[in-house]
Amino acid sequence: MSGSKQFRAAVVIGYMLSITWLRRNLLSLVWLFATPFSLLFIITVTTGGRSFALGVIGSLLLVLSTVGTGLAGDATWYRLETKLQDFFVASPVNQLGYLLGIAFAGLFFASPALVVLLPLLVYIGLPLIALPIVLLSLAGVWLFSSAIGYLVSTFTSNLRNGWQSGLLLSVLVGILPPVFYPAEILPHNILLVTYAIPTTNAALLIRDAMGSTPTLPYWSPLTGWLLIAVSLAIALAVTSRVARWRQP
Amino acid sequence: MNVIEAVSLSKIYHRSRTQALSDITLTIGRGEIFTLLGRNGAGKTTFLRIAATQLMPSKGRISVLGHDVRDEPLQIRSKIAVVPQEGSTIGPLTPWDHVYLTLLARGMSRNQAHERSEKTIERLELTEYRNQPADSLSGGLKQRVRVAMAVATDAELIFLDEPTLGLDAVTRRRIWGVLNEIQKEGRSILLTTHYIDEAEILSNNVAIIDHGKMVLSGSPAELLRNVKEHVRVDIVGSTFSEEELNNYGRVVKLAERFRVLTDDRLGRELADEALKRGSDVGLARVSLEDLFVDLVGRAEE
């Protein structure tokens, strides 16, 4: 199948595993909204509203990274329980089409949260002209997290480990890095480590787009983009080489 | 032309140090229903997964639809479809969603996908349930949905891994009917099962696999020629001793009954004698099951 047909397959798989599901299972939204909006609430209340903007940025990034890293569990379920992966391996859909499809499913799941959080971000100070920058950085986070989540799933031998890996990755990518709090308060060495995580750079870039450019060692918007691009390229390269499509 | 040609195919799972397949050589002709018959863990699924490009072989060669499985999986994948073993349907998706959306994902146009989905849903008698969430369907209906996802495709070769496992007799026969219909369309089927009646009724050719090795292959009629005896006599509540029955033929003890495998004349004599003595008796031609139990049981001993 050509590249455009693979893309079409990805959109269909994404629709199949998210929109059809959401239409008949609205409760799924509660799960997705619960953690980011709880954190936003706690941060807003405990700082008297001063860190509301950081809370919104963090929530956005947490939503997108969670639907990506959550593939560690979801893709394990598709492989071991429904055998959907086996079904698609023996079909014209290739691994990239399938990965993009299950990643789209996560993105479509996240769309109601994005519909709330993105306008909120604009309301609290993001210039509309900077919206593409925010969307691009969010796309980087989503793709990176999805590639990592899928990669882990292909090596996971039972469903419980899959869900647990997804939760752990979600904490590592979406909560611990400086997305809900200012990177400036981190010790130097830890800060340098967090640069390797795309959510850190995306949070800094969004802050920059909102007019509060972070002043951090070795970091500039250009470095931020470069780091997102490099980490995404590495994640995709490793996933395409290492992730198991046909079992060895 | 053959749709599958395997030569000395072997598979070793290095992690568990298991030799799942050993030196399998077989060919499957176009338009055939070919069944791999064996007990659980015999190696049937491993063979099917290798042929369906889901699993790498360890040794040997196998080509599917003229393409090497190891080197040309992409050419194969556009022409095959599979019903994996013991999968499940996807929660709230309806049978229609399962069939129609997988056809779209495989690259079919909307019109063609719509038409084929309608036809397949009807063929598998799912029309009444087409818009019900799959998680509200019975196990048999769910399995019919999974079979529909593969049958609805335009694949030349369809792999079905134990498609009737755990299903009731009516649902099994319904699925057999559909498999016969798609064979009439000129498509080929590789089926795995441990139901011997299924293999006997459906298949043009059968290969019996045990402990990863092919024990025997051929058409059901050819396989039965390997059995020396022609009839079997089942005697329940026997007033015969085992020694006495040995005079008539080969005796197999099955729970509360004796099964005697013998020729036509001795079979009739034994049945008459058993009736005279007041035993319940059954007389029938030997079946693939007798051969299977004989071959696999002998290997076990």
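In what follows, chains carry the letters A, B, and so on, assigned in the order in which the sequence lines appear, proteins first and then strands, with residues in each chain numbered from 1.
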Taking every heavy atom of Val82(B) against every heavy atom of Asp86(A), the minimum-distance pair comes out as CG1-O, 3.7 Å

Can you measure from CD (Gln54(B)) to CZ (Phe88(A)) and round to the nearest 0.5 angstrom? 12.5 Å

Charged N to carboxylate O below 4.0 Å: is that the case for Asp97(B) and Arg24(A)? yes

Contact origin within Val64(B) toward chain A - heavy atom pairs under 4.5 Å: neither

Might you point out which heavy atoms bring Arg106(B) and Ala90(A) nearest each other, and give the distance in Å? NH1-O, 3.7 Å

Who wins among Ser2(A), Ala10(A), Ala9(A), Ser91(A) for the most heavy-atom pairs under 4.5 Å with chain B? Ser91(A)

Tell me every residue that passes side-chain contact (heavy atoms from CB on, under 4.5 Å) with Lys142(B), counting only those two or more places apart in sequence or in another chain. Thr89(B), Leu137(B)

CG of Leu84(A) to CD1 of Ile90(B): how many Å apart, nearest 0.5 Å? 4.5 Å

Contact winner vs chain A - His14(B), Arg70(B), His98(B), Arg146(B), heavy-atom pairs under 4.5 Å: Arg70(B)

For Arg23(A), does the CZ atom have more than 12 heavy-atom neighbours from other residues, nucleotides or ligands under 6.0 Å away? yes

Under 6.0 Å from the CG atom of Asn111(B), do we count more than 12 heavy atoms belonging to anything else shown? no

Any chance CD of Glu185(B) has more than 12 other-residue heavy atoms, nucleotides or ligands included, within less than 6.0 Å? yes

Trp77(A) side, atom CH2; Ser88(B) side, atom OG - distance, nearest 0.5 Å: 6.0 Å

Below 4.5 Å, heavy-atom pairs only: which of Ala52(B), Ala150(B), Pro73(B), Ala105(B) has the largest tally toward chain A? Ala105(B)

Check whether Leu80(A) gets within reach of chain B through its side chain, its backbone, both or neither, counting any heavy atom under 4.5 Å. neither

As an exercise, state the distance from OG1 of Thr20(A) to CG of Leu93(B), rounded to the nearest 0.5 Å. 4.0 Å

If we define contacts as heavy-atom pairs under 4.5 Å, which of Lys5(A), Gln6(A), Arg8(A), Glu81(A) has the most with chain B? Arg8(A)

Residue Glu122(B) excluded, over 12 heavy atoms near CD under 6.0 Å: no

Correct closest heavy-atom pair for Ser78(B) and Pro92(A) would be CA-CG, 3.8 Å

Within residues 240-248 of chain A, contacts to chain B at heavy-atom distances under 4.5 Å involve Trp245(A), Arg246(A), Gln247(A), Pro248(A)

Between Lys83(A) (side chain only) and Gln85(B) (backbone N and O only), is there a donor and an acceptor less than 3.5 Å apart? yes

Non-hydrogen atoms of chain A under 4.5 Å away: do they reach the side chain of Lys79(B), the backbone, both or neither? neither

Within a radius of less than 6.0 Å around OH of Tyr13(B), do more than 12 heavy atoms belonging to other residues, nucleotides or ligands occur? yes

Could you go step by step and tell me if Met16(A) and Thr102(B) meet the side chain to side chain contact (heavy atoms under 4.5 Å, CB included) rule? CA-CA 9 Å; Met16(A) 178 179 180; Thr102(B) 49; 3.7 Å; yes

Within the supplied structure, the quantity of interest is the number of heavy atoms (other residues, nucleotides, ligands) at a distance under 6.0 Å from Phe41(A) CZ; does it exceed 12? no

Is Tyr15(A) close to chain B through its backbone or its side chain, or both, or neither, when contacts mean heavy atoms under 4.5 Å? side chain

